[in-house]
Peer 1: 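Dumping the structure here so I can ask a few things about it.
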Amino acid sequence: MEIIVLALFYMLSGFLMKFSDDAYDERGDKKFASILGIICGLCIGFLVVNSVDATYIFFGILLGTLFSKKIDGVHHILTLATFVLVAFIYGIPQISILTLIICSIAAFIDEIGNDNLKISDKSHFFGIFFRYRFALKITIFALAFLGLYQSITGFNIMNMEFLSFSAFFLFILFEISYELSGRYFEIAYNWIKAIL
């Protein structure tokens with residue numbers, strides 16, 4: 001049951017994160033984007049409080065976007081503030097700083113490469129690689145694989161904490177929801193606005 005709840009919150013977080021972004025960027029709807037950002041922040045806050053894997057993933061994304069200076073709208077600030085506030089109030093699991101740094105570096109690399117015409121114009125491969133943020137996906141997979149290896153063998157690699165293998169699949173659900181949100185944004189936006 002717990003994995004189903006986590007999966008739903010990962011999917012909801014991915015959907016709302018992209019929808020909030022597109023509402024802000026594509027439609028200039030700052031109010032709607034901000035409301036969605038707060039709801040997204042609450043979902044991510046729930047995840048980081050209840051899952052150490054989510055703590056690494058979402059704080060990694062937070063730090064990566066922060067250092068790459070990609071937090072560029074009020075909706076981003078509200079999402080970040082909400083999720084950090086929830087984490088601060090309810091507390092997060094104990095984490096390994098080294099694992100968090102690795103996730104943050106991967107997220108930073110993705111953010112630097114994403115929407116970077118200098119990279120995408122020179123290489124079709126890297127254009128796709130960064131468009132779909134594969135640096136973080138590969139990193140999460142590697143950390144999950146090492147975690148699986150460690151749990152099977154009992155061998156403690158570098159005396160650090162790894163991710164559970166379910167973390168990779170949950171993150172893929174987040175990414176699929178994120179992409180679907182972007183693909184069907186116009187239809188969903190018009191439908192929601194018609195109801196409201």
Side-chain angles (χ1 to χ4, degrees), residues 1-22 36-37 39-65 68 70 76 79-80 83 87 92-93 95-96 99-116 119-120 124-152 157 160-185 187-188:
M1 182 63 178
E2 182 185 339
I3 192 74
I4 294 170
V5 173
L6 290 176
L8 288 171
F9 273 87
Y10 267 92
M11 291 168 67
L12 192 55
S13 298
F15 183 86
L16 290 171
M17 187 176 287
K18 180 61 175 170
F19 207 89
S20 172
D21 245 1
D22 284 355
L36 293 174
I39 299 169
C40 180
L42 290 170
C43 292
I44 294 171
F46 172 85
L47 288 169
V48 301
V49 166
N50 289 285
S51 167
V52 68
D53 293 332
T55 303
Y56 288 123
I57 291 168
F58 290 107
F59 270 101
I61 292 170
L62 184 156
L63 293 170
T65 53
S68 63
K70 290 288 185 83
H76 286 157
T79 304
L80 182 154
F83 121 63
I92 59 171
I95 60 171
S96 160
T99 307
L100 179 60
I101 289 170
I102 291 168
C103 289
S104 301
I105 290 170
F108 176 79
I109 291 168
D110 277 339
E111 289 300 327
I112 293 298
N114 187 258
D115 294 329
N116 189 326
I119 293 172
S120 59
H124 179 69
F125 170 79
F126 282 113
I128 291 172
F129 183 90
F130 288 119
R131 179 183 173 193
Y132 294 105
R133 295 175 169 88
F134 270 101
L136 187 56
K137 288 182 182 71
I138 291 167
T139 299
I140 290 170
F141 178 81
L143 290 171
F145 179 80
L146 290 171
L148 182 65
Y149 177 78
Q150 188 178 54
S151 67
I152 292 170
I157 308 164
M160 66 180 281
E161 186 173 323
F162 298 104
L163 304 182
S164 69
F165 212 71
S166 62
F168 176 71
F169 294 104
L170 290 169
F171 185 65
I172 293 301
L173 288 177
F174 170 89
E175 288 288 298
I176 290 169
S177 293
Y178 184 94
E179 291 301 325
L180 288 174
S181 180
R183 183 166 294 185
Y184 297 106
F185 169 74
I187 296 167

Peer 1: Grab the two heavy atoms, one from A87 and one from V49, that are nearest each other, plus how far apart they are.
Peer 2: CA-CG2, 4.0 Å

Peer 1: Aromatic rings Y132 and F134: how do their planes relate, parallel, tilted or perpendicular, breaks at 30° and 60°?
Peer 2: perpendicular

Peer 1: Rounded to the nearest 0.5 Å, how far apart are OG of S166 and CG of L173?
Peer 2: 10.5 Å

Peer 1: At their closest point, which heavy atom of G60 faces which heavy atom of A107, and how far apart are they?
Peer 2: O-CB, 3.4 Å

Peer 1: Nearest 0.5 Å, what's the CE-CD1 distance between M160 and I102?
Peer 2: 3.5 Å

Peer 1: Testing the basics here: between A135 and T139, what is the closest heavy-atom pair and its distance to 0.1 Å?
Peer 2: O-OG1, 2.7 Å

Peer 1: Just verifying a value: how many Å separate S164 OG and L143 CG, rounded to the nearest 0.5 Å?
Peer 2: 11.0 Å

Peer 1: Show your reasoning for whether side chain to side chain contact (heavy atoms under 4.5 Å, CB included) applies to F59 and I95.
Peer 2: CA-CA 11 Å; F59 270 101; I95 60 171; over 6 Å; no

Peer 1: Which atom names give the shortest non-hydrogen contact between I172 and K137, and what distance separates them?
Peer 2: CD1-CD, 4.2 Å

Peer 1: Check G113 against I119 and note the closest heavy-atom contact, atom names and distance.
Peer 2: CA-CD1, 3.8 Å

Peer 1: Measuring from S181:OG to L16:CG, what's the distance to the nearest 0.5 Å?
Peer 2: 7.5 Å

Peer 1: In the structure I gave you, are the side-chain heavy atoms of S96 and Y56 within less than 4.5 Å of one another anywhere?
Peer 2: yes

Peer 1: In terms of the angle between their ring planes, are Y10 and F58 parallel, tilted or perpendicular, with boundaries placed at 30° and 60°?
Peer 2: tilted

Peer 1: Judged by atom type as modelled, is there a donor-acceptor pair below 3.5 Å linking the side chain of S51 to the main-chain atoms of L47?
Peer 2: no

Peer 1: Could you list the residues that satisfy ring-ring contact (aromatic ring centres under 6.0 Å, His included) with F168, not counting sequence neighbours?
Peer 2: F141

Peer 1: Return the minimal non-hydrogen interatomic distance between T55 and P93, and the atom names on each side.
Peer 2: OG1-CD, 3.5 Å

Peer 1: Please round to the nearest 0.5 Å and tell me the distance separating atom CG of D110 and atom CZ of F130.
Peer 2: 6.5 Å

Peer 1: How about F171 and Y178: are their ring centres within less than 6.0 Å of each other?
Peer 2: no

Peer 1: Quick one: are F126 and N116 in side-chain contact, heavy atoms under 4.5 Å?
Peer 2: no

Peer 1: I'd like to check L63 versus L100 (side-chain heavy atoms, cut-off strictly below 4.5 Å). Are they in contact?
Peer 2: yes

Peer 1: Judged by atom type as modelled, is there a donor-acceptor pair below 3.5 Å linking the side chain of T79 to the main-chain atoms of G37?
Peer 2: yes

Peer 1: Does the side chain of H76 come within less than 4.5 Å of T65's, by heavy atoms?
Peer 2: no

Peer 1: CZ of R183 to CD1 of I176: how many Å apart, nearest 0.5 Å?
Peer 2: 11.0 Å

Peer 1: Below 6.0 angstrom between ring centroids: does that apply to Y149 and F145?
Peer 2: no

Peer 1: Would the distance check show the side chain of S20 and the main-chain N or O of M17 forming a donor-acceptor pair, the cut-off being under 3.5 Å?
Peer 2: no

